Amino acid sequence: MNIFDVFTARIATILQSLASRGVVPAGLDLSRVVVEPPRDASHGDLATNAAMALARDAKMNPRQLAELIVPELAKDSEVASVSVAGPGFINLALKPSVFESVLREAVRAGADFGKGAPQALPKVNVEYVSANPTGPMHVGHGRGAVFGDALANLLAFAGRDVTREYYINDAGAQVDVLARSAFLRYREALGEDIGPIPEGLYPGDYLVSVGQALAAGHGAALRHQPEADWLPLVRNVAIDGMMAMIREDLAALGVVHKVFFSERSLQGGGNGGAVGEAIEGLKARGLIYEGRLPPPKGQKDEDWEDRVQTLFRSTEFGDDVDRPLMKSDGGYTYFASDIAYHKSKFDRGFAEMIDIWGADHGGYVKRMQAAVKAVTGGKGALDIKLVQLVKLMRDGEPVKMSKRSGDFVTLREVIDEVGRDAVRFMMLFRKNDATLEFDLAKVVEQSKDNPVFYVQYAHARCASIFRQAAEAMPGADVSARALAEADLTLLTDDSEAALIRLLAQYPRLIEQAASAHEPHRVAFYLYDLAQSFHSLWNKGRDEPQLRFVNHNQPELTQARLSLVQAVRCVLASGLGVIGVSSPAEMR
RNA sequence: GACCCCAUAGCUCAGCAGGAUAGAGCAACAGCCUUCUAAGCUGUGGGUCGCAGGUUCGAAUCCUGCUGGGGUCGCCA
């Protein structure tokens, strides 16, 4: 139950009834009416801007309109008091029974508390990672992976039908370079001394095993073939090897995609395959032409070759310049493939698409959105979330990255050092469009400075309280069902009330984070919740009557355990959404 | 030259689809501390929300222009 939604609906009903009595005009636009927690708890439990938002359309001043709404709200059996404040806010204080029933619901629903009902909205496709299959993942890829995965979890939890997808860039020149690099390792595996890796090839030793696999599978058979003969075969083996490695890296992060979509698969077949088809479709609508582009300004243009090329009219859809689809060697540009790829997503039923990209691809956003508009006739929606750079630190000092390629800090090294939970949590403890400092030393500290520890510890502390209770009161029934029956009117302390209010916001938080495509809000909420819970726990130090477990007051203890259980469930639920584990102890 | 992102307390960052007196952690300062299980705890001080306009009953939030930082800029992906 989302009490904010419940009251938004009730206010709408009140306005309809006022309209039917002719007190206010009919057909007011209620979309701007929001019910939210007031910033200051002394204002009550809920606040709405209804009177202010509707005043102009109703041709009344806000306070006048508020005075019409207030008596209706006051009749509500769950409302304790209503008042008008400031420029026309309507503040509601709710009866304690409302929060008691929220708490009961949280205890009963457990991990499902806050979960959205399946929504009648289009299937949504979240495409993330899509790292080139030419080497291991680095830390920047990891941020995109965690963000995309958490966003997909969040949307699914909010009730959307979500598909997680990975686009394999296996069609460009870079995979031919990969194949040549692997071929060198193959010769090495056959016993040849290959010396230093030539400039322009991938030097990383992660290709050694690919070379060995080729040697084991083909012996010396490929060695003296012309490149044109061995390249496709070696390329496939190398790509498969790289994708296996990437999948292992992703698995270490707990990231699993449902669909792996190959770029190459778009280009096969006659007439240029799916890419050719997509371009033909655009051509039929007059969106393709042969023309020249001006050279980019402020760039060295020595290599600029002014030539006529095949261009897509992306400027008709808000882009800055039209974009080329064919390379000078006659192949398709990456953009051309990407048009066909997004058309494929739409054709597969995804009217809503979300792409997660690194910030270095920011310049590509407009043209892709232009292409999606063109290729779906305006029916497909594409949101592109850019994740900014990750600066790797250790004790406040930047971690030096070697310039020699193949010797950078890999995602796997970081996961192995600090653990999956720390990586996932910290990658989400910042907005996606802000750069992120990731301190390898800080994230493993057992201290309040370390949010990962702080939140997980709150969960462990909940579990610990139950262990304590079992010892103090053996035989007590602390099942979820029993706790949901507890006498919650005994929870009267302000700190307890504050915690319950925070719990009641969880369903709303999920809805809003999901519709804003901002999983970081979940991480920040969990931090707030942990803080509120730890604070209540600490109060019990000085005021023993506030402790959760009081073995001579079983009813009170039972009520407090309900609260602890609800906190535990919401922490576990939120941690689950961002893909972080919920430990029962932190030792 | 153009486009994208960022700018909020000394530092690192939140700020919830414009809403009331802008929040948290760290640091600083003051007090408390043999604990239901562990991170010690509680409190205080500290901000022209980069600058200038605009829209609005109401702007950190939306729009325009500027300043500063980062990123990108045909035939790489």
Side-chain angles (χ1 to χ4, degrees), chain A residues 31-32 34 36-40 43 47 49 52-53 55-56 61-62 85-89 91 130-132 134 169 171-175 263 292-299 301 303-307 309 311 319-329 331 333-335 337-338 358-366 386 388-389 429-431 433-435 437 445-451 453-454 457-458 460-461 464-465 467-469 471-472 505 508-509 512-513 515-516 518 520-521 524-525 527-528 531 534-535 537-542 544 546-551 557 585-587:
Chain A
S31 62
R32 289 169 59 217
V34 295
E36 56 192 354
R39 181 159 297 179
D40 187 334
H43 291 140
N49 65 349
M52 291 180 293
R56 195 181 346 162
N61 78 51
F89 283 101
N91 289 327
S130 302
N132 289 340
T134 54
N169 300 139
Q174 85 285 352
V175 286
E263 180 186 0
R292 294 169 189 276
L293 284 178
K297 294 179 178 172
Q299 284 276 103
D301 50 6
D303 300 336
W304 180 263
E305 173 201 351
D306 189 19
R307 68 180 183 90
Q309 48 191 343
L311 298 169
D319 198 4
D320 306 310
V321 290
D322 292 335
R323 304 294 179 175
L325 300 176
M326 307 292 287
K327 299 192 279 191
S328 54
D329 68 4
T333 60
Y334 182 78
F335 181 50
S337 293
D338 230 346
D360 54 343
H361 289 55
Y364 202 76
V365 169
K366 280 189 181 178
L386 299 179
Q388 280 287 348
L389 298 174
F429 207 57
R430 188 112 319 172
K431 282 179 297 198
D433 46 17
T435 55
E437 277 187 18
E445 254 178 38
Q446 297 219 339
S447 81
K448 196 177 177 177
D449 291 9
N450 175 10
F453 174 78
Y454 192 67
Y457 178 38
R461 184 168 256 175
S464 145
I465 288 166
R467 288 191 293 268
Q468 280 290 317
E471 223 167 277
Q505 288 178 28
R508 178 175 185 265
L509 173 100
Q512 296 197 328
S515 61
E518 291 187 351
H520 78 272
R521 291 192 200 180
F524 280 96
Y525 171 83
Y527 186 79
D528 283 348
Q531 192 164 38
H534 286 312
S535 157
W537 191 94
N538 285 320
K539 256 186 136 178
R541 293 185 146 177
D542 300 332
L546 276 181
R547 294 182 181 181
F548 295 111
V549 177
N550 289 270
H551 60 274
T557 298
E585 55 183 7
M586 299 297 286
R587 286 177 207 284

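Computed from heavy atoms alone, side chains included, the values below leave out hydrogens, waters and symmetry copies. Remember, predicted model here, so these are calculated numbers, not experimental data. Just so it is clear: chains get the letters A, B, ... in the order the sequence lines come, proteins before strands, and each one is counted from 1.
- Once the 5.5 Å centre distance and the 30° plane angle are applied, the aromatic ring of Tyr527(A) is found not to be stacked with the base of rA24(B).
- Taking atom CG on Asp433(A) and atom P on rG15(B), their separation rounds to 10 Å, with Å as the unit.
- In this structure, CG of Asn49(A) is placed 18 Å from P of rU56(B), rounded to the nearest angstrom.
- Between the CE atom of Met586(A) and the C1' atom of rG40(B) there is a distance of 17 Å, rounded to whole Å.
- Rounded to an integer number of Å, the gap from Asp319(A) CG to rC73(B) C1' is 11 Å.
- The phosphate of rG74(B) (OP1 or OP2) has no side-chain N or O of Lys327(A) nearer than 4.0 angstrom.
- Comparing atom distances between the Asp40(A) side chain and each of rU21(B), rA39(B), rC13(B) picks out rU21(B) as nearest.
- Among the nucleotides rA14(B), rC36(B), rG23(B), the one closest to any side-chain atom of Phe548(A) is rC36(B).
- Nucleic acid contact class of Ala516(A) (heavy atoms, under 4.0 Å, all strands): none.
- Among the heavy atoms of the strands lying under 4.0 Å from His361(A) is at least one base atom, whether or not backbone atoms are also near.
- You cannot call His534(A) stacked on the base of rA39(B); the centres under 5.5 Å and planes under 30° rule is not satisfied.
- Look at the P atom in both rC3(B) and rG45(B): the space between them is 46 Å, to the nearest Å.
- Taking atom P in both rC41(B) and rC51(B), one finds a spacing of 35 Å when rounded to whole Å.
- The CG-P distance, from Leu389(A) to rC6(B), rounds to 14 Å in whole Å.
- Taking only distance into account, the side chain of Asn91(A) meets the base of rA20(B) through a donor-acceptor pair shorter than 3.5 Å.
- Closest-nucleotide positions on RNA chain B for Leu293(A) and Leu546(A) were compared, and the one nearer the 5' end corresponds to Leu546(A).
- Ring planes of Phe524(A) and His520(A): perpendicular class, angle over 60° (limits at 30 and 60°).
- Counting non-hydrogen atoms under 4.0 angstrom, Gln388(A) reaches the backbone sugars and phosphates but no base.
- A sub-4.0 Å separation between OP1 or OP2 of rC73(B) and a side-chain N or O of Lys366(A) is absent.
- Within the 4.5 Å cutoff, side-chain heavy atoms of Gln512(A) are placed close to those of Arg521(A).
- Across the P atoms, rU42(B) and rA24(B) are found 13 Å apart, a figure rounded to whole Å.
- In this structure, CD of Glu585(A) is placed 15 Å from P of rA39(B), rounded to the nearest angstrom.
- Comparing rA38(B), rA14(B), rU42(B) by their nearest atom to the side chain of Asn538(A) picks out rU42(B).
- At the heavy-atom level, Ala47(A) lies under 4.0 Å from base atoms of the strands shown.
- rU61(B) sits 16 Å from rU56(B) when the P atoms are compared, rounded to a whole Å.
- Not less than 6.0 angstrom separates the ring centroid of His43(A) from the ring centroid of Phe89(A).
- When side chains are defined from C-beta on, Lys431(A) does not count as touching Gln388(A), because their heavy atoms never get closer than 4.5 Å.
- With the nearest nucleotide of RNA chain B identified for both Arg547(A) and Asn132(A), Arg547(A) has the one nearer the 5' end.
- Scanning for side-chain hydrogen bond (donor to acceptor under 3.5 Å, both in side chains) contacts around Glu437(A) gives an empty result, with sequence neighbours left out.
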- Task: Represent RNA chain B in dot-bracket notation, 5' to 3'. Only Watson-Crick or G-U wobble pairs with both distances under 3.5 Å count; pseudoknot-style crossings use [ ] and interstrand partners use |.
- Result: (((((((..((((.....[...)))).(((((.......))))).....(((((..]....))))))))))))....

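- The Gln174(A) side chain lies nearest to rA77(B) when the options are rA77(B), rG19(B), rG15(B).
- The phosphate of rG25(B) has OP1 or OP2 within less than 4.0 Å of a side-chain N or O from Gln531(A).
- Nucleotide rG23(B) holds its C1' atom 8 Å from the CZ atom of Arg39(A), rounded to whole Å.
- In this structure, the aromatic ring of Tyr364(A) is not positioned over the six-membered ring of the base of rU72(B) within 5.5 Å between centres and 30° between planes.
- Here Arg430(A) lies in heavy-atom contact (under 4.0 Å) with sugar-phosphate atoms only.
- When the P atom is used for both rA9(B) and rC66(B), the distance is 25 Å, rounded to whole Å.
- A donor and an acceptor atom, one from each side chain of Ser337(A) and Glu263(A), are located under 3.5 Å apart.
- Within the 4.0 angstrom heavy-atom criterion, base atoms lie near Val549(A).
- Atom OH of Tyr334(A) and atom P of rC75(B) are 12 Å apart (whole Å).
- Looking at heavy-atom distances under 4.0 Å, Tyr454(A) makes contact with a base.
- Residue-level contact check: Glu263(A) touches the backbone only, with heavy atoms under 4.0 Å from sugar-phosphate atoms and none from bases.
- If you check every strand for non-hydrogen atoms under 4.0 Å, Pro62(A) touches nothing.
- Contact check, Arg541(A) against rC41(B): no side-chain N or O comes under 4.0 Å of OP1 or OP2.
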